Amino acid sequence: MGKETNVLQALKEDLLRLSAPRKAEIAARFFKSGPNQYGAGDVFLGITVPEQRAVSKRYYVSVTLADTMQLLRSEYHEFRLTALLILVCKYEKAKDENTCKEIAMLYCTHTKYINNWDLVDLSAYKILGPYLFDKNRSVLYDFAHSGNLWKQRIAIITTFNFLRKKDFADTLKLAEFYLSHDHDLIHKASGWMVREIGKRDYEVAYEFVKKHRLSMPRTMLRYAIEKFDGEVRKDLMKK
């Protein structure tokens, strides 16, 4: 790792001042950082998301992309999330396509550090979503077939941006591909995205669930139909 700039040092110091050991213990359990759990080995400082958002908004202009990526490579979960929140701010404020491309490419090449569901969910659809909307989306299928849990979640969560514009095709293809996935974090993400489709086009979501309900993991099914009418939910849950 390169030498830290004064800005990066100040940013880290601001975050460390917000650390709270008791909250860190709770977060470590909540994000499953114990041995053999999906977040095994992650280190928490106990900084809340609103606190991290405040820091990211304070620094996103002055901190460079290089410093942001150095922050993303930290062992501390909250440092990594703050780095991603900064990337989101930088992307949203970018004034040219080259900057957007650079941020999106950095995101794709640093997925090793985007390694828990909150890190994915607060960044993927806000960076890769808008970047890929009018481009080739094959990277999402590369991620889906990668065998890496977090890349697979990035793929489906990225499509949240698409379906907000009633572009449902990739969400449905990925959700169908994940029917045989063995991890509930993918079941939850897929069900959530199908539910979001249902908010925009009930018939599309209903037909997808009706077609696949017997092969859908129960968690995915419950998430997908959460907003359906009670009797419809009951019928679709029947085995």
Side-chain angles (χ1 to χ4, degrees), residues 84 87-88 91-92 94 97 100-111 114-229 232-233 235-237:
L84 292 167
L87 281 184
V88 168
Y91 188 94
E92 291 175 344
E97 177 68 11
C100 291
K101 180 179 180 179
E102 182 179 11
I103 293 170
M105 293 304 101
L106 285 170
Y107 190 92
C108 287
T109 56
H110 285 74
T111 53
I114 308 171
N115 57 352
N116 215 310
W117 58 263
D118 60 324
L119 305 179
V120 173
D121 294 1
L122 291 173
S123 62
Y125 77 95
K126 293 187 174 183
I127 295 175
L128 292 189
Y131 181 72
L132 293 175
F133 184 74
D134 59 355
K135 297 177 182 65
N136 185 303
R137 302 173 184 176
S138 61
V139 64
L140 299 183
Y141 296 89
D142 292 341
F143 281 5
H145 287 85
S146 69
N148 179 280
L149 175 65
W150 305 117
K151 285 185 176 182
Q152 291 170 331
R153 188 165 174 117
I154 286 170
I156 190 78
I157 297 299
T158 292
T159 70
F160 191 13
N161 175 272
F162 308 158
L163 62 85
R164 286 177 160 186
K165 300 171 185 177
K166 297 193 174 182
D167 180 350
F168 306 139
D170 291 295
T171 306
L172 294 172
K173 287 178 185 176
L174 288 167
E176 185 171 17
F177 177 67
Y178 289 153
L179 289 174
S180 60
H181 204 285
D182 61 359
H183 204 293
D184 72 337
L185 284 178
I186 299 300
H187 304 163
K188 290 175 180 178
S190 300
W192 170 24
M193 291 300 104
V194 174
R195 183 176 74 225
E196 290 296 329
I197 290 176
K199 293 179 181 179
R200 294 154 179 85
D201 192 321
Y202 172 81
E203 288 301 322
V204 171
Y206 176 79
E207 288 302 321
F208 179 85
V209 173
K210 183 180 178 182
K211 178 181 178 180
H212 297 292
R213 69 181 188 87
L214 294 179
S215 58
M216 289 178 81
R218 300 299 278 181
T219 297
M220 186 189 297
L221 178 59
R222 284 195 296 271
Y223 270 60
I225 65 177
E226 183 180 355
K227 300 298 182 182
F228 287 7
D229 176 80
V232 175
R233 290 201 310 274
D235 185 57
L236 289 170
M237 290 291 291

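In this text, all values refer to a predicted model and were calculated from it rather than measured experimentally.
Shortest non-hydrogen contact noted between M216 and L179 is CG-CD2, 3.4 Å. Shown here for A224 and V209, the closest heavy-atom pair between the two residues is CB-CG2, 4.0 Å. The heavy-atom pair separating A144 from Q152 by the smallest distance is O-NE2, 3.1 Å. Of all heavy-atom pairs between K151 and N148, the closest is N-OD1, 2.9 Å.
Listed by chain and residue number, Y202 satisfy the ring-ring contact (aromatic ring centres under 6.0 Å, His included) test with Y206 (two or more places apart in sequence, or in another chain). The ring-ring contact (aromatic ring centres under 6.0 Å, His included) test applied to F177 returns H145, not counting sequence neighbours. Partners of H181 according to the ring-ring contact (aromatic ring centres under 6.0 Å, His included) rule, which considers only residues two or more places apart in sequence or in another chain, are Y178.
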Throw together a table of side-chain donor-acceptor distances under 3.5 angstrom for residues 155-165, partners on residues two or more places apart or in other chains.
{"residue": "T158", "atom": "OG1", "partner": "I154", "partner atom": "O", "Å": "2.7"}
{"residue": "T159", "atom": "OG1", "partner": "I156", "partner atom": "O", "Å": "2.6"}
{"residue": "T159", "atom": "OG1", "partner": "T171", "partner atom": "OG1", "Å": "2.9"}

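Between the side chain of R213 and the backbone N or O of L236 there is at least one donor-acceptor pair closer than 3.5 Å. Using modelled atom types, one side-chain atom of N136 and one backbone atom of S138 make a donor-acceptor pair closer than 3.5 Å. Looking at T109, its side chain does come within 3.5 Å of a backbone N or O of L106 through a donor-acceptor pair.
Annotation: K199, atom NZ; neighbour count of heavy atoms from other residues, nucleotides and ligands within 6.0 Å is above 12.
With rounding to the nearest 0.5 angstrom, the CG atom of L172 is 8.0 Å from the NE2 atom of H212. Rounded to the nearest 0.5 Å, atoms CZ (R195) and OH (Y223) are 7.5 Å apart. Distance CD1/I197 to CZ/F208: 7.5 Å, rounded to 0.5 Å. Note that CG of L132 is 11.0 Å distant from CD1 of I127, once rounded to the nearest 0.5 Å. Within the model, atoms CG of L149 and CH2 of W117 stand 13.0 Å from one another, a figure rounded to the nearest 0.5 Å. In this structure, R218 CZ and M237 CE are separated by 4.0 Å, a value rounded to the nearest 0.5 Å.
Within the structure, salt bridge (charged side-chain N to carboxylate O under 4.0 Å, His left out) contacts touching residues 172-181 (residues at least two apart or in different chains) do not occur. Screening residues 121-135 for side chain to side chain donor-acceptor pair (under 3.5 Å) gives E97-K135, Y107-S123, D121-R153 as the qualifying pairs, with residues at least two apart or on separate chains.
Residues I225 and V232 fail the side-chain proximity criterion, which asks for heavy atoms closer than 4.5 Å. Side-chain contact between C108 and L128 is present, with heavy atoms from C-beta onward closer than 4.5 Å.
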task = Take L84 and I114 through the side-chain contact (heavy atoms from CB on, under 4.5 Å) test and state the conclusion after the steps.
result = CA-CA 8 Å; L84 292 167; I114 308 171; 4.0 Å; yes
ask   = Given W150 and N116, is the side-chain contact (heavy atoms from CB on, under 4.5 Å) satisfied, shown in steps?
value = CA-CA 7 Å; W150 305 117; N116 215 310; 3.9 Å; yes
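Using a 4.0 Å cut-off between charged nitrogen and carboxylate oxygen, R200 and E196 count as a salt-bridge pair.
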